[in-house]
Amino acid sequence: MSAPDYSTALRSHRCGDLRPEHIGQPVSLTGWVGRRREHGEHLAFIDLRDYSGTIQCVVAEQVDARSEYVIRVEGMVRARPDGTVNTNLPTGDVEVGDCHVEVLRTAEPPPFPIDARADGVDEGTRLEYRYLDLRRARMQRNLRLRSAVNSAVRTSMEAQGFVEVETPMLMPSTPEGAREFLVPSRKGQGAFYALPQSPQLFKQLLMVAGVDRYYQIARCLRDEDLRADRQYEFIQLDMEMSFVEVDDVLAAISESVLAATGAVTGERPGEIGRLTWHDAMNRFGSDKPDLRFAMELIELTDLFADTGFKAFAGAEAVKGLRVEGGAGEFGRNRLDKLTDRAKSLGAKGLVWIKIGSGGELESPVAKFLSDTEQAALVERTGAGEGDLLLIVADAWPTACEVSGQLRNDLCRPPVHQGPYQFVWIVDFPLFVGVDDTSGRPLPGHHAFCMPNPDDVDRLESDPMSVRALAYDLVLNGWELGSGSIRIHDDALQRRVFRQLGISDEDADRKFGFFLNPFRYGAPPHGGFAFGLDRLVAILAGEENIREVIAFPKTQSGSDPMTGAPFAVDPHQLAALGLRIVPE
RNA sequence: GGUCCCGUGGUGAAGUCUGGAGUUCACGCCGGCCUGUCAAGCCGGAGGUCGCGGGUUCAAAUCCCGUCGGGACCGCCA
């Protein structure tokens with residue numbers, strides 16, 4: 001593929017493209033005025049900037065070209081004189097001389113500098129002037145990286161025979177899942193559409209329709225609180241495929257994600273490994289483990305099965321972390337903070353043990369541990385002089401999750417640090433936890449997720465032990481997305497509903513619109529969806545998905561640039577049959 | 001719904017704990033000088049309701065209460 005021709009009626013080249021090979025060519029350039037260095041009436045340097053980069057223009061004529069003026073420059077590319085080459089600039093070997101400058105549009109001084117210094121500016125101000133923020137190299141890079149990821153994902157899905165189908169934005173409200181954005185219907189007053197949390201319903205019906213392989217770069221909307229990795233609106237690569245088992249779906253998504261990563265990094269990662277949910281919890285204390293660093297949880301439960309130490313006695317699980325060389329680093333103050341952190345995460349407490357110079361254990365609780373237990377602990381953890389051990393004893397999920405969070409707190413690298421460690425988490429439990437009021441199991445993924453055939457005979461006798469054909473894709477500790485094989489069999493669906501406390505009548509009422517079509521012949525099918533905003537953020541080395549979204553919302557859901565959301569005109573409300581109830 | 005952090009000329013920070021005149025630094029802006037700079041340099045200047053409201057005090061950027069805005073996290077996100 002040849003490079004695009006970027007020339008237009010107003011310009012011959014992009015600023016960032018000029019190189020020694022252009023020396024001697026007359027050029028016309030367009031862009032914004034960056035820094036100027038004026039040396040009196042007869043010499044000025046203007047750094048002309050467009051999205052491709054910056055080029056130094058040498059101006060001898062008198063021109064009033066101030067910061068962020070939009071100008072057009074005609075001149076001659078020439079080598080910079082000896083000693084004036086700028087090695088910090090890709091275009092730094094050359095400059096544009098004999099410049100004639102035409103001001104296309106003057107500009108007021110921007111509220112913040114249009115360069116890397118704006119990284120430190122209050123994010124609210126950056127969002128208020130987002131069109132200026134996006135003018136910066138970092139944001140331009142993020143936008144273009146995002147475009148490249150979208151393109152690579154599309155190319156990969158098409159190559160695998162997937163068909164892009166657009167699904168409606170105006171949907172019926174559905175009873176399960178995230179809070180929806182509602183849209184009032186003008187023609188049916190009092191009736192509402194919902195904006196899609198995901199195209200889940202429609203993509204499964206496309207399988208019933210015989211589309212076989214569907215994909216969509218889909219906009220999803222959820223009216224839940226915003227976070228660094230969550231916006232009201234976000235983009236998923238959504239897909240569904242027929243006549244498949246788990247491996248087929250994982251292979252298709254792996255191909256897409258690896259191709260996209262390869263396309264923007266230049267290096268395609270190797271095959272994506274797998275961890276069972278149980279192993280991920282046991283070894284890393286998380287269902288989205290960050291595999292860029294080791295420090296696995298150490299299983300200590302069996303060592304303390306008969307202990308006399310009350311904090312460990314009878315605990316369902318005892319999990320340890322070995323912080324190499326941490327004994328000196330962690331004084332009483334930091335250890336207290338770690339303990340507080342563990343408690344805020346739901347643990348009853350945190351036991352810490354330092355290994356002293358003679359190999360002896362230094363800890364407030366050392367005296368409660370027998371010599372055998374102490375020896376076994378040192379042997380199991382491999383702890384040596386100067387190491388710090390952190391131990392959590394609790395119910396199995398709590399012990400795992402708290403240890404896993406401490407593992408992240410202590411060692412997790414910043415997002416821009418490689419490598420890219422993708423991992424599939426498979427064999428999620430079909431049910432997680434129990435509803436406080438009904439006492440019924442809660443679905444781990446959703447109510448239409450296929451139980452593992454090897455476990456399905458325990459659906460009634462031991463439901464919590466049933467694994468699901470559900471899987472997550474994790475990258476560097478971020479949950480990129482999730483999917484499952486769906487139930488296409490009516491009898492099995494009703495068995496799962498019964499476990500969830502949903503009667504046949506409830507099921508017909510709440511999900512009939514969705515399940516009735518299956519009666520006309522639903523193929524075995526499964527699918528996946530992953531968050532493109534998150535993938536792009538990680539590939540861009542950004543901690544926050546707002547940095548890879550052109551016009552994001554603040555944490556409170558507002559847009560400082562447009563001022564949205566606004567109260568609307570009473571006439572608009574009246575047309576919809578709506579009235580605002582005062583507080 | 002909850003916990004925590006932040007709000008000081010256009011921008012970033014210091015000042016806040018321990019109350020005493022809108023004080024300081026850097027960038028930017030405006031004007032002048034300057035023919036090889038690239039964070040150009042030198043000289044001069046303008047620019048603030050210390051987010052907002054209330055309270056305490058002789059006196060509040062500073063202490064207290066409330067509120068608004070921004071951020072991180074918990075809940076929530078099938």
Side-chain angles (χ1 to χ4, degrees), chain A residues 34-49 54-60 64 66-68 78 80-89 91-92 95 97 107-129 132-133 174-180 197-198 200-201 220-232 234 340-341 344-346 401 405 408-409 428 430-433 435 441-449 468 470 479 482-484 496 500 502 510-511 529 531 543-544 546 553-558 560 563:
Chain A
R35 291 185 166 275
R36 293 148 292 142
R37 296 170 292 282
E38 291 175 10
H39 293 254
E41 288 184 25
H42 305 292
L43 177 65
F45 300 96
I46 294 178
D47 289 339
L48 183 64
R49 185 196 69 238
T54 299
I55 179 75
Q56 173 166 281
C57 300
V58 185
V59 182
D64 190 21
R66 306 186 180 217
S67 283
E68 300 309 314
R78 66 191 189 196
R80 291 198 183 198
D82 285 345
T84 65
V85 165
N86 185 343
T87 52
N88 297 321
L89 220 54
T91 61
E95 63 188 14
E108 292 177 22
F112 49 78
I114 310 301
D115 57 37
R117 288 171 294 176
D119 290 345
V121 171
D122 173 72
E123 202 189 338
T125 307
R126 288 176 54 206
L127 290 180
E128 183 180 351
Y129 299 92
L132 298 181
D133 192 30
T174 51
E176 300 283 300
R179 185 185 298 117
E180 298 165 319
Q197 310 163 33
S198 81
Q200 186 69 31
L201 157 68
C220 306
L221 298 106
R222 295 178 187 174
D223 188 4
E224 300 288 354
D225 287 355
L226 294 77
R227 289 288 158 73
D229 61 351
R230 283 163 31 187
Q231 283 273 305
Y232 281 155
F234 59 100
D340 289 344
R341 172 73 170 155
S344 75
L345 292 165
E401 283 166 17
Q405 191 57 58
N408 277 339
D409 290 352
F428 274 79
L430 188 63
F431 304 113
V432 293
D435 187 280
L442 294 164
H445 186 56
H446 58 61
F448 315 109
C449 178
E479 182 194 321
S482 58
S484 64
V496 171
L500 294 168
I502 300 171
K510 293 169 83 174
F511 303 113
E543 304 274 356
N544 195 308
R546 291 190 297 271
K553 304 280 190 291
T554 68
Q555 199 165 61
S556 61
S558 67

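A quick note: this is a predicted structure, and the numbers were derived from the prediction, not measured. The analysis underlying the following values was restricted to heavy atoms, covering all of them including side chains, and did not include hydrogens, waters or symmetry mates. Protein chains get the first letters and strands the later ones, always in sequence-line order, with residue 1 at the start of each.
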Kindly give the atom pairs (protein nitrogen or oxygen, nucleotide nitrogen or oxygen) under 3.5 Å for nucleotides 5-10 of chain B.
{"unit_1": "B:rG10", "atom_1": "O2'", "unit_2": "A:Pro111", "atom_2": "O", "d": "2.8"}

What's [X] touching, base or sugar-phosphate or nothing? Going by heavy atoms closer than 4.0 Å.
| X | result |
| --- | --- |
| A:Ser67 | sugar-phosphate |
| A:Asn86 | base |
| A:Arg78 | base |
| A:Arg179 | nothing |
| A:Gln555 | base |
| A:Gln197 | nothing |
| A:Thr84 | base |
| A:Arg126 | nothing |
| A:Ala228 | sugar-phosphate |

- Item | Under-3.5 Å donor-acceptor pair between A:Gln56 side chain and B:rU37 base | yes

Working to the nearest 0.5 Å, report the span between [atom1] of [X] and [atom2] of [Y].
| X | Y | atom1 | atom2 | answer |
| --- | --- | --- | --- | --- |
| A:Leu442 | A:Leu430 | CG | CG | 11.5 Å |
| A:Ile114 | A:Asp133 | CD1 | CG | 8.0 Å |
| A:Arg35 | A:Phe45 | CZ | CZ | 15.0 Å |

Can you measure [X] atom [atom1] to [N] atom [atom2] for me and round it to whole angstrom units?
| X | N | atom1 | atom2 | answer |
| --- | --- | --- | --- | --- |
| A:Leu442 | B:rC76 | CG | C1' | 14 Å |
| A:His39 | B:rA40 | NE2 | C1' | 5 Å |
| A:Asn88 | B:rA39 | CG | C1' | 11 Å |
| A:Arg230 | B:rC77 | CZ | P | 9 Å |
| A:Leu226 | B:rG75 | CG | P | 16 Å |
| A:Lys553 | B:rG71 | NZ | C1' | 18 Å |
| A:Glu95 | B:rG36 | CD | P | 13 Å |
| A:Phe234 | B:rC76 | CZ | P | 17 Å |

Can you find a side chain N or O atom of [X] that sits less than 4.0 Å from OP1 or OP2 on [N]?
| X | N | result |
| --- | --- | --- |
| A:Arg36 | B:rC34 | no |
| A:Arg227 | B:rC74 | yes |
| A:Thr125 | B:rG12 | no |
| A:Asn544 | B:rG71 | no |
| A:Arg35 | B:rA40 | yes |
| A:Arg37 | B:rA40 | yes |

- Query: Of all of residues 41-48 of chain A, which get a heavy atom below 4.0 angstrom from RNA chain B, listed by number?
  - Reply: A:His42, A:Leu43, A:Phe45

Using the [atom1] atom on both, measure [N] against [M] and round to a whole Å.
| N | M | atom1 | value |
| --- | --- | --- | --- |
| B:rC42 | B:rU37 | C1' | 15 Å |
| B:rG7 | B:rA13 | P | 8 Å |
| B:rU18 | B:rC29 | P | 41 Å |
| B:rU8 | B:rA60 | C1' | 14 Å |
| B:rG22 | B:rC50 | C1' | 8 Å |
| B:rG48 | B:rU3 | P | 38 Å |

List for me each residue that meets side-chain hydrogen bond (donor to acceptor under 3.5 Å, both in side chains) alongside [X], sequence neighbours excluded, and say none if there are none.
| X | result |
| --- | --- |
| A:Gln200 | A:Gln204 |
| A:Ser556 | A:Thr554 |
| A:Arg546 | A:Glu123 |
| A:Arg227 | none |

[X]: what forms a salt bridge (charged side-chain N to carboxylate O under 4.0 Å, His left out) with it, not counting sequence neighbours?
| X | value |
| --- | --- |
| A:Glu401 | none |
| A:Arg230 | none |
| A:Arg49 | A:Glu68 |

- Note on the structure: Ranking A:Val121 and A:Glu38 by the position along RNA chain B of their nearest nucleotide, the one closer to 5' is A:Val121

- Task: Might you confirm whether atom OH of A:Tyr232 has over 12 heavy atoms from other residues, nucleotides or ligands at distances under 6.0 Å?
- Result: yes

- Examine distances only and state if a side-chain atom of A:Arg179 and a backbone atom of A:Asp223 form a donor-acceptor pair shorter than 3.5 Å. yes

- Complementary nucleotide for B:rA26 - Watson-Crick or wobble, under 3.5 Å: B:rU11

